[in-house]
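The next block holds one structure in the form of C-alpha cells; read it before the comments.
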Amino acid sequence: MSEVQLHKTPLHALHLELGARMVPFAGYDMPVQYPLGVLKEHQHTRAQAGLFDVSHMGQIRLSGSAAAQALETLVPVDIIDLPVGMQRYAMFTNDAGGILDDLMVANLGNDELLLVVNAACKEQDLAHLRQHLEGQCEIQPLFTERALLALQGPAAVTVLARLTPEVASMTFMQFRAVKLLGLDCYVSRSGYTGEDGYEISVPAEGAELLARRLLQEPEVQAIGLGARDSLRLEAGLCLYGHDMDSTTTPIEASLLWAISKVRRADGERAGGFPGAEQIFAQQHQGVARKRVGLLPQERTPVREGAEIVDASGKVVGKVCSGGFGPTLGAPLAMGYVDLAHTALDTPLNAVVRGKNVPLKVSKMPFVAPRYYRG
Amino acid sequence: MSELRFTEDHEWLRSEADGSVTVGITAFAQNALGDVVYVQLPELQHYEQGAEASTVESVKAASGVYMPLTGEVLEVNQQLAENPELVNEDPLGAGWFFRFQPADADAVAKLLDQDAYDRLIKANADA
C-alpha cells in the first residue's frame with residue numbers, strides 16, 4: 001500500500017458505491033473507470049451524456065476592481081475585455097515563455113474572476129498568484145469549498161435543462177451563476193471532451209446531491225479519467241505535464257490561437273506577461289519543434305515517450321500523448337516534431353518495442369468538435 | 001477438453017489432443033487490463049520460456065505476454081487482429097492468443113492448477 005495519503009473529492013464515497021476502479025492522480029484518489037469500462041464510457045459520452053468528477057481541479061476567485069488588469073500581467077490573454085458571463089482559455093507563462101499551467105478564466109461580474117487550474121499545479125499556481133498579485137486583488141482559493149462536475153455529450157443540454165431551463169440558451173464558453181437543486185452553482189457551457197456540455201462548480205457539501213440527481217437521468221453515465229483522456233485526445237486538447245510544460249512555449253505547443261490579438265506584438269496591449277519577448281521572437285522567427293497530430297498507419301497504439309524517427313532513422317521528435325481513439329476507431333497521438341517534419345501528411349515513424357510504426361502528421365482535432373455556438 | 005493450467009503472469013494453458021498447447025490470458029488479467037484495443041501476436045518461431053512473445057494493448061497501457069514454456073509457436077489467433085475485444089469478451093475461448101509445441105511435453109502439468117491459481121488471485125486481492 002502507498003504511504004502517501006491521497007486527497008478525496010466530495011464524490012469519493014459515490015465513486016466507490018458505483019464500483020469505480022480508483023487510481024492516484026495528482027494527489028487524489030480518482031476513478032479511472034467504472035464497471036462499464038473505458039471504451040463504452042467514451043462512446044456513451046459521445047452518444048448521450050457523461051458525468052465526470054473533476055473536483056480535483058483547483059478553483060480560485062480573484063476579486064477587486066484591478067483583478068482583470070492584475071491577472072493580465074501573468075497570462076497572454078485578454079482578460080480586461082472578457083465580457084461578464086464569458087469564460088476564456090489561458091495559460092500562466094514563465095520568464096522563458098514556458099507554460100506553468102493552463103487554466104480557464106471566467107468573468108463573474110462585480111469585479112470577480114473565477115479561475116479553474118490543473119490539480120497537480122494548484123498549490124504552485126496559488127503561490128504564483130500570491131507572489132505577483134498580492135495587494136492588487138483578493139486571491140481566494142476555493143479548493144475545499146467547491147467541487148467541479150462536468151456533464152458532457154449531446155444529451156447534456158436536455159439533462160441539465162430539466163433542472164433549470166435557462167442553461168439551454170447558453171452558448172459555448174458562456175458562464176452563469178444558477179441555482180441547481182437550490183445550490184449556488186456556476187455553470188459554463190464548456191468542457192474538455194470536444195462535445196457540447198457543461199462544467200458545474202458546486203458547493204462541496206452539495207456535490208453528491210447534484211451528482212446523484214444527474215446520474216438518475218437515463219441519459220447519464222458516470223465516466224472516469226480513462227475515457228476523459230481518450231476523449232480529450234480525440235479533441236486534440238493538451239494535457240498539462242504531458243503535451244506541454246514549463247519547458248514548452250505556447251508557440252511550440254501550437255497554442256498561438258490562445259494568445260489574444262490585443263496581447264500580441266502588434267496588439268494594443270502588446271506583451272506585459274512573463275516571457276513575452278521570447279514568445280514574440282518565436283512567433284516571428286519560428287520554432288525548432290512544434291506539437292502536431294500523428295496518426296499511426298497500423299493498429300498499434302503509439303504511446304507517450306515513443307521516439308519519432310524520419311525515413312533515415314534519425315530521431316526528429318517524441319510522442320507526448322497517445323493511445324486508442326474509440327470514436328476514431330484507430331490509434332492516435334500527438335507529438336513534438338522538428339519543424340521540417342510538421343507539414344500535414346508528412347510520413348514519419350514511431351519506435352514501438354524496437355520496431356517502426358508508420359505515422360502521418362495529421363490535422364487536429366481528430367474528431368470534429370460539437371460545441372454549441374447558438 | 002483438458003483442464004487448464006496457469007502461470008503467475010496470468011496466462012492460461014490448455015493441452016490439445018495433438019500435444020500442442022493453446023495459450024491465452026485469464027479473466028482476471030483481462031479485467032485488470034481493461035478494454036483491449038490491439039494484440040501484437042507472436043511470430044511462428046521458437047521462443048524461450050519467459051521471452052516476450054506477444055503484447056496486449058488496452059486503452060490504458062501495453063503489457064507483455066510471456067512465453068509460458070520454451071517451444072515453437074505453430075498458430076496465432078488471427079481473429080484478434082480485427083477483433084481484439086474478444087480478449088475481454090471470451091478470454092478462455094475465442095480470445096486465445098496462440099498455440100505452440102512445448103519442447104518438454106511434461107512441463108505443462110507442472111504449472112499451477114486451477115486451485116493454486118485461484119489461491120494466487122486471492123492472495124493478490126488480499127495484499
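Quick caveat: nothing in here was measured; it's all calculated off a predicted structure. All chains are named by letter (A, B, ...) in the order of the sequence lines, taking the proteins before the strands, and each is independently numbered beginning at 1. Basis for what follows: all heavy atoms, side chains included, without hydrogens, waters or symmetry-related copies.
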Is it the case that over 12 heavy atoms from other parts of the model lie below 6.0 angstrom from the CD atom of B/Q79? no
Ranked by heavy-atom pairs below 4.5 Å to chain A, first place among B/G34, B/A61, B/S58 goes to B/A61
Check the pair B/N31 / A/R21 against side-chain contact (heavy atoms from CB on, under 4.5 Å), numbers first and verdict last. CA-CA 11 Å; B/N31 183 51; A/R21 186 175 294 171; 3.5 Å; yes
Given heavy-atom pairs under 4.5 angstrom as the criterion, report whether the side chain, backbone, both or neither of B/A62 touches chain A. both
So which of B/A32, B/G64, B/P84 has the biggest tally of heavy-atom pairs under 4.5 Å with chain A? B/A32
Tell me, for B/N88 versus chain A, whether the close heavy atoms (under 4.5 Å) come from the side chain, the backbone, both or neither. neither
Shortest non-hydrogen pair, A/V38 vs B/D35, comes out as N-OD2, 3.0 Å
Where on B/Q40 is there a heavy atom nearer than 4.5 Å to chain A: the side chain, the backbone, both, or neither? side chain
Taking CD in B/E75 as the centre, count heavy atoms belonging to other residues, nucleotides or ligands within less than 6.0 Å. Is the count above 12? yes
Anything in residues 294-302 of chain A with a heavy-atom distance to chain B below 4.5 Å? Please list those residues in order. A/R299, A/T300, A/P301
B/E52, part contacting chain A, at a heavy-atom distance under 4.5 Å: side chain
Please report the shortest heavy-atom distance between B/K60 and A/V32, naming the atom on each side. CD-CG2, 4.5 Å
